[in-house]
> 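Structure incoming, see below.
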Protein chains: 2
Amino acid sequence: MKKANRTGANARERILEAAGEIFAECGYQKATVRDICGKAAVNLAAINYHFGDKENLYRETLRNAVFLSYQKYPPDGGATGADRPEDRLRAYIRSFLFRILDPGRSAWFGKIISREIIEPTPVLDSLIKEVFYPNFLRLVSIIEDIVGRDKDPETVRFCAASILGQCLYFGNSKTRFFFLNKKRFAPEKIEGITDHITRFSINALAAINKT
Amino acid sequence: MKKANRTGANARERILEAAGEIFAECGYQKATVRDICGKAAVNLAAINYHFGDKENLYRETLRNAVFLSYQKYPPDGGATGADRPEDRLRAYIRSFLFRILDPGRSAWFGKIISREIIEPTPVLDSLIKEVFYPNFLRLVSIIEDIVGRDKDPETVRFCAASILGQCLYFGNSKTRFFFLNKKRFAPEKIEGITDHITRFSINALAAINKT
DNA sequence: GAATATTTAATACGGTCGTTTCAAACAAAT
DNA sequence: ATTTGTTTGAAACGACCGTATTAAATATTC
């Protein structure tokens, strides 16, 4: 008696999907539950029934988006500890970029997270602790493997920030204006960006290694 | 008959100031004209009288914020063409960082612009053309002076993006979580970040120079 | 100082949005 | 088949917000 699905597709999941799309496009404030219900083809009350309120729907949507994108593009990017640190760095960067630039369903993640970074909601705090900070430390560890573990910890973390900053910069829409007028980066283009950031960063790290 | 100031401080300017603060804090959607009027200690109708509507007030606020921050921290950062390109790069980075990290009045700029990048309004397009893109080209030119003017233009632009990305990354509030729990970077800290980004980037560019 | 233009004040309108309500439709259990 | 629990549907409530209105108050000009 737990699940009584009249319609084929679960209403709850349809809402979650529509919410991902609309929250990504409009942001939390501008998005309306009416739009979400319209796109999900459910009644207005369904949102209240399944999620309680808009805020909780957003919370679930965000967690779902994070889950999907990290599932599709794991932080290690397929590289293992056996690989050279430079290759692990490249895989890390590539995964990061695809996570925020990949079109399709998991692209919600990039947009929603970008908004969160600027205008954080309470949801972000737990995500930082559970997902982003551990992921940050993973990057720090890769960098330490490159520059040596004897370097000043703050310097290493600054380098991690430099790498993440580069990745994030390519994630937002308007900076693309400087490069091309396309709305999206094609996958080949993302590979090219991966190459650039990897090369740029490894060069920088190599110089630090020598200090 | 142009100006009839009953109160000492111009109401229009008080609104502009309050709007800068509130738009920066809340974003366009969440900010209410009532809050702005309250903080500016003017009547609700004043916003309509002086600016027409909320959207136009935002437009003026944004342009004002850009003007203030670029006035306080000019793109060249005091460096001239006579300086070494590496020094001009450092000055550029320093100005950029202070523009978005400086506390006080011009800090609105950083927050509002950060929001604009994620969720652009029509105002941004003209700003990009008039301010940001020319500023981007200035950076490109500095980079060319470092790596040589014979390099692939896209590579150079990617390098510019890498540098701007690093700067922007330190501008938002939540990444600071990874470094310290302070709400703001102290000025000395900003100098330290300037040092890091400059060193990191010059190392990377030097390697490209050798290709 | 009277006439005119400008600015401020108080209030209300119209619309949108999140949420609630309550009954109907449906599925599961007995 | 009846009962019980779950899900959906249509409509409305209540609050908030941007904007408009209108008159009063204040400057400016002659």
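To find a chain, count down the sequence lines: A is the first, B the second, and so on, and within it residues start at 1.
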> Taking the basic N atoms (NZ, or NE/NH1/NH2) and the acidic carboxylate oxygens, is any pair closer than 4.0 Å for R199(A) and E86(A)?
no
> Where does the angle between the aromatic ring planes of F170(A) and F158(B) fall among parallel (under 30°), tilted (30 to 60°) and perpendicular (over 60°)?
perpendicular
> Within the pair H50(A) and dT8(D), is there a side-chain N or O less than 4.0 Å away from OP1 or OP2?
yes
> Is the side chain of S95(B) donor-acceptor paired with the backbone N or O of Y92(B) at a distance under 3.5 Å, no angle test?
no
> Which residues in residues 33-40 of chain A have at least one heavy atom lying under 4.0 Å from any atom of DNA chain C?
V33(A), R34(A)
> When we call it a touch if two heavy atoms are under 4.0 Å apart, what does A45(B) touch: a base, just sugar-phosphate, or nothing?
base
> Evaluate N43(B) against Y49(B) for side chain to side chain donor-acceptor pair (under 3.5 Å), listing each step before the verdict.
CA-CA 10 Å; N43(B) 187 270; Y49(B) 178 77; over 6 Å; no
> Select from Y49(A) and D53(B) the residue whose nearest nucleotide in DNA chain D is closer to the 5' end of that strand.
Y49(A)
> Ignoring hydrogens and geometry beyond distance, is a side-chain donor-acceptor pair present between H196(A) and S162(B) at under 3.5 Å?
yes
> Using 4.0 Å as the upper bound for N to carboxylate O, is an ion pair formed by R138(B) and D76(B)?
no
> Atom CG of N43(B) and atom P of dA25(D): how far apart are they, to the nearest Å?
14 Å
> If the cut-off is 4.0 Å, is N48(A) near the phosphate of dT19(C), judged by side-chain N/O to OP1 or OP2?
no
> Report which part of the nucleic acid A41(A) touches: base, sugar-phosphate, or nothing (heavy-atom distance under 4.0 Å, all strands).
nothing
